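Some notes on the structure that comes next.
Nothing fancy with the numbering, it's 1 onward along the sequence. Any value given below was found using the heavy atoms of this structure, including those in side chains, with hydrogens, waters and symmetry copies removed. Everything quoted here is computed from the prediction, not taken from an experiment.
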Amino acid sequence: MPLSISNVRELLRRADAGRWCVQTIDGSGEPCKWLPVVKYSARFNPTQHAIGLIDSGEWTCQYADGLRVARPKNLVGFMPVLEFDRPTVLSMIDQGLASQGVPSKVLRTFPFDDLLVLALESSSHWRQHAEAWVDSGYPPNDRIAALLPRNSRVREWAESRIDAILRGT
């Protein structure tokens, strides 16, 4: 069963209060508590990136100034993780959650699908990285499939899906 946002909030309440940082949500000026989970630099850019969770239970990223976090659901700041392969990203986030005392099941709430869709709708740079994730085994959904209709993995997925539908007749 997927974790709800209220389940994530409850799990985050158990995290060590000393690990939280006070941040401002970009654009609103609203303060929030932010728990950094992963800090990394992209391969071709020395800028330090940080991904974490805010006290509402939503994933967000921190701006380079270290003072603000993006509004929840603003996933542009997440795109540099696509420069790493999926197993590396999964490991980075899982280890980051563990280091903050947050159960690894919170990784299930990371917005992977939304991030891939955003990247596939974006510049060719991010689109190439998102397509590489799909090529290496990231399971498509309907939105990803619509954006990559010629991708062999997507075609395999669509074929197996229709086979499953037809087996029910």
Mind listing the closest non-hydrogen atom pair of Trp20 and Leu12 along with its distance?
CZ2-O, 3.6 Å
How about Glu121 and Leu147: do any of their side-chain heavy atoms sit closer than 4.5 Å?
yes
Gap between atom OG1 of Thr24 and atom CD of Glu30 - 0.5 Å precision:
9.5 Å
Do the side chains of Arg13 and Val8 get nearer than 4.5 Å, heavy atoms only?
no
Keeping to residues at least two apart or across chains, list the ring pair (Phe, Tyr, Trp, His ring centres under 6.0 Å) pairs with something in residues 50-72.
Trp59-Phe110
Using the rule given for side-chain contact (heavy atoms from CB on, under 4.5 Å), can you reason through Leu116 versus Asp113, listing the C-alpha separation, both sets of side-chain angles and the distance that settles it, and then say yes or no?
CA-CA 5 Å; Leu116 261 70; Asp113 285 347; 5.9 Å; no
Can Glu58 and Leu53 be said to form a side-chain contact (heavy atoms from CB on, under 4.5 Å), step by step?
CA-CA 5 Å; Glu58 297 168 285; Leu53 291 146; over 6 Å; no
Could you tell me if the side chain of Leu11 sits less than 4.5 Å from the side chain of Val106, heavy atoms only?
yes
Could you check whether any side-chain N or O of Asn7 sits under 3.5 Å from a backbone N or O of Ser4, counting only pairs where one atom can act as donor and the other as acceptor?
yes
Where Pro140 and Ile144 come nearest, the two heavy atoms and their spacing:
CB-CG2, 4.0 Å
Exam field: side chain Arg86 to backbone Val134, donor-acceptor pair closer than 3.5 Å
no
Please round to the nearest 0.5 Å and tell me the distance separating atom CD of Gln128 and atom OG of Ser123.
8.5 Å
All heavy atoms of Leu67 vs all of Gln23, minimum pair found to be C-OE1, 3.3 Å
Does any part of the side chain of His49, heavy atoms only, come nearer than 4.5 Å to the side chain of Cys61, both counted from C-beta?
no
Taking every non-hydrogen atom, the tightest pair across Tyr40 and Phe84
CD1-CE1, 3.6 Å
With rounding to the nearest 0.5 Å, note down the distance linking OG in Ser124 to CD in Glu131.
11.5 Å
Taking atom types as modelled, find out whether Asp85 and Thr88 have a side-chain donor-acceptor pair closer than 3.5 angstrom.
yes
So Leu148 and Trp157, side-chain contact (heavy atoms from CB on, under 4.5 Å) or not? Walk me through it.
CA-CA 12 Å; Leu148 292 173; Trp157 169 81; over 6 Å; no
Nearest atoms (heavy-atom pairs only) where Leu97 meets Ser104:
CD1-O, 4.2 Å
Might you point out which heavy atoms bring Asn151 and Asp135 nearest each other, and give the distance in Å?
ND2-OD1, 2.7 Å
Heavy-atom side-chain contact between Trp126 and Leu115 under 4.5 Å:
no
Who else is in Trp34's hydrophobic cluster (ILVMFWY, side-chain heavy atoms under 4.5 Å, direct or via others)?
Ile25, Ile54, Val69
Quick one: do Ile93 and Val76 end up in the same hydrophobic cluster if we chain Ile, Leu, Val, Met, Phe, Trp and Tyr together by side-chain heavy atoms under 4.5 Å apart?
yes
Would you call Asp114 and Arg143 a salt bridge, using N to O less than 4.0 angstrom?
yes
May I ask you to decide if Asp26's main-chain N or O and Arg71's side chain share a donor-acceptor pair within less than 3.5 Å?
yes
Answer yes or no: is there a donor N or O on one side and an acceptor on the other, between the side chain of Arg14 and the main chain of Val102, under 3.5 Å?
no
Just wondering, do Lys39 and Gln48 contact through their side chains at under 4.5 Å, heavy atoms?
yes
Under a 4.5 Å cut-off applied to non-hydrogen side-chain atoms, are Gln100 and Pro36 in contact?
yes
Let me confirm one number: the OG-NE2 distance from Ser122 to His129, rounded to the nearest 0.5 Å.
11.0 Å
Drop me the distance from Ile162's CD1 to Arg167's CZ, to the nearest 0.5 angstrom.
10.5 Å
Side chains of Ser91 and Asp94: donor-acceptor distance under 3.5 Å anywhere?
no
Should Thr60 and Asn74 count as side-chain neighbours, where that means a heavy-atom distance under 4.5 Å?
no
